[in-house]
Asks: 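Handing you this structure, nothing more for now.
Lettering of chains follows the sequences in order, A, B, ..., and the numbering in each one begins at 1. Because the structure is a prediction, the values reported are computed rather than measured. As a basis for the values below, the full set of heavy atoms in this structure was taken, side chains included, without hydrogen atoms, waters or symmetry mates.
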2 protein chains.
Amino acid sequence: MPTPDRTSLAQIVEAAREILESAGLAGLTMQAVADRVGVRAPSLYKRVRSRGDLIGLVADATLQDMGARLDAIPTGADPRQDLTELARAFRAFAHERPAGYRLIFDWGPETVKLDQASFVRAAAPLLRIAADLAGPEHELEAARTITAWANGFLSMELAGAFNLGGDLDLAFEYGVARLADAFIGTRPAAIG
Amino acid sequence: MPTPDRTSLAQIVEAAREILESAGLAGLTMQAVADRVGVRAPSLYKRVRSRGDLIGLVADATLQDMGARLDAIPTGADPRQDLTELARAFRAFAHERPAGYRLIFDWGPETVKLDQASFVRAAAPLLRIAADLAGPEHELEAARTITAWANGFLSMELAGAFNLGGDLDLAFEYGVARLADAFIGTRPAAIG
DNA sequence: ACCTGAACACCGTTCAAGT
DNA sequence: ACCTGAACACCGTTCAAGT
């Protein structure tokens, strides 16, 4: 006679995300997840191949959330303003889920293998803005310059690596403003 | 009768650095370090408080190497060119010691607590260039914008997070060039 | 004073036995 | 078909006993 399910993959991933944010990656143990969903640790292996696999699912879920958030930002006529809004939303998301954020961008492939499709979707809004700012032939390089800056800023902010004092909100706004200007000269002349 | 020393702190840190680069942070076990220096694992605790402590020493040694490398770069009359050289040297260092680099910038305070003084020294060359490019009153913000971009680029490059194809060397050069231009407009007018 | 074997707590993971 | 206790290998770390 089969046993009724006492948990689910979705519940396990959700529990893992909460533990990650409250206890860090080192605190994300199979034991802790099992406790939270109400089973014994070995039972988790019925739904998940390994701890690394579970971490990958957590990262992907976070990346998908991020993609949805960035996709929902309305865009207007001014690409400089659009970039500012996008960057602020990116930063807000990183502040809300710092451990999840770092799992995506910082912990790297040693711990996580992300899904290509989720990445492409999260990058889409920025690619549109980059094309507006730098022209379509420099779209990818411009998007990479912006992503590198934004991710680098957040990585260092979350890691406490900006340890020379000063105002970080101001430094962030300064950075977006400089980047918004940086591509203008490279754009092909407008028609007419 | 005292036993002769069979290893030293310097030897332990050096062994740890090599293991880190060849086996990753997960492979950097006390056992592996002990094997390499020729003692048993418990003996390491005579010179090192804990594994976390050893990781911190590895990170700091790497950061000091980086500072020395960046400090040795000759600077000329053109701050744009100086920035380009500095950025290339930064990238070259990251490519030589990817795991050590990531220990400094990416793995964060969960694993590592860096020495403030080492950081200040490594940042000095960039601060000089930033003051030249953006003017002294925006020195810190400009330096942070550049650091964020450079670190973000390298983090993502090393993590394989640039997965949309394209030429990364080109994207890097494009980024430095944009950043070198980005501050010009904000500088106070030259005398005369 | 440094080194060692033995031991402890805590991981991830496997598996035979239950229902 | 899912769940569990028991067990295994492997960590970091402590400590009493050696020299």
Asks: What orientation do B:Phe153 and B:Phe162 show, parallel under 30°, tilted 30 to 60°, or perpendicular over 60°?
Replies: tilted

Asks: Please work out whether the ring planes of A:Tyr101 and A:Phe90 are parallel, tilted or perpendicular, with thresholds of 30° and 60°.
Replies: perpendicular

Asks: Can you tell me which nucleotide in C:dT13, C:dC2, D:dC2 comes closest to the side chain of B:Lys46?
Replies: C:dC2

Asks: As a test of reading the structure: which of C:dG12, D:dT4, D:dT13 is closest to the side chain of A:Val39, going by heavy atoms?
Replies: D:dT4

Asks: For the pair made of CG in B:Leu54 and P in D:dC11, what is the distance, rounded to whole Å?
Replies: 15 Å

Asks: Describe the nucleic acid contact of A:Thr29 in one word from base, sugar-phosphate, nothing, applying a heavy-atom distance below 4.0 Å.
Replies: sugar-phosphate

Asks: Using only side-chain N and O atoms of A:Arg51, determine if any of them is under 4.0 Å from OP1 or OP2 of C:dC11.
Replies: no

Asks: A:Leu9 CG to D:dC2 P: how many Å, rounded?
Replies: 12 Å

Asks: Separation of A:Asp35 atom CG from C:dC10 atom P, in whole Å?
Replies: 13 Å

Asks: Once you round it to whole Å, what is the distance between P of C:dC11 and OH of A:Tyr45?
Replies: 12 Å

Asks: C:dC3, D:dG5, C:dG5: which one has an atom nearest the side-chain heavy atoms of A:Arg40?
Replies: D:dG5

Asks: Rounded off to whole Å, could you give me the CD1-to-P distance for the B:Ile55 and D:dC11 pair?
Replies: 14 Å

Asks: With both distances under 3.5 angstrom, what nucleotide forms a Watson-Crick or G-U wobble pair with D:dA6?
Replies: C:dT14

Asks: Rounded to whole angstroms, how far apart are CE on B:Met30 and P on C:dC10?
Replies: 19 Å

Asks: When all nucleic acid strands are considered with a 4.0 Å heavy-atom cut-off, which category describes B:Arg49: base, sugar-phosphate, or nothing?
Replies: nothing

Asks: For C:dT19, what is the paired nucleotide under Watson-Crick or G-U wobble rules, both distances under 3.5 Å?
Replies: D:dA1

Asks: Looking at D:dC2, D:dA6, D:dT13, which one has an atom nearest to any side-chain atom of A:Pro42?
Replies: D:dA6

Asks: Kindly say if A:Ser43 contacts the phosphate of D:dT4, meaning a side-chain N or O under 4.0 Å from OP1 or OP2.
Replies: yes

Asks: Looking at B:Ala99, is its backbone amide N or carbonyl O close enough to the side chain of B:Glu21 to form a donor-acceptor pair, meaning the two atoms are under 3.5 Å apart?
Replies: yes

Asks: Has A:Arg102 got its NZ or CZ under 6.0 Å from the middle of the six-membered ring of A:Phe105, at an angle within 45 degrees of the ring axis?
Replies: no

Asks: Side chain of B:Arg51, backbone of B:Leu28: donor and acceptor closer than 3.5 Å?
Replies: yes

Asks: Which nucleotide in the set C:dT4, C:dT13, D:dC3 lies at the smallest distance from any side-chain heavy atom of B:Arg6?
Replies: C:dT4

Asks: Under 4.0 angstrom, heavy atoms only, what part of the nucleic acid is B:Thr7 near: base, sugar-phosphate, or nothing?
Replies: sugar-phosphate

Asks: For the pair B:Arg47 and B:Asp5, find out whether any cationic side-chain nitrogen is under 4.0 Å from an anionic carboxylate oxygen.
Replies: yes

Asks: Within less than 4.0 Å of OP1 or OP2 of D:dA1, is there a side-chain N or O belonging to A:Arg47?
Replies: no

Asks: Using atom CD of B:Gln31 as one end and atom C1' of D:dG12 as the other, report the distance to the nearest whole Å.
Replies: 11 Å

Asks: A:Leu28 has an atom CG; how far is it from atom P of C:dG12, in whole Å?
Replies: 8 Å

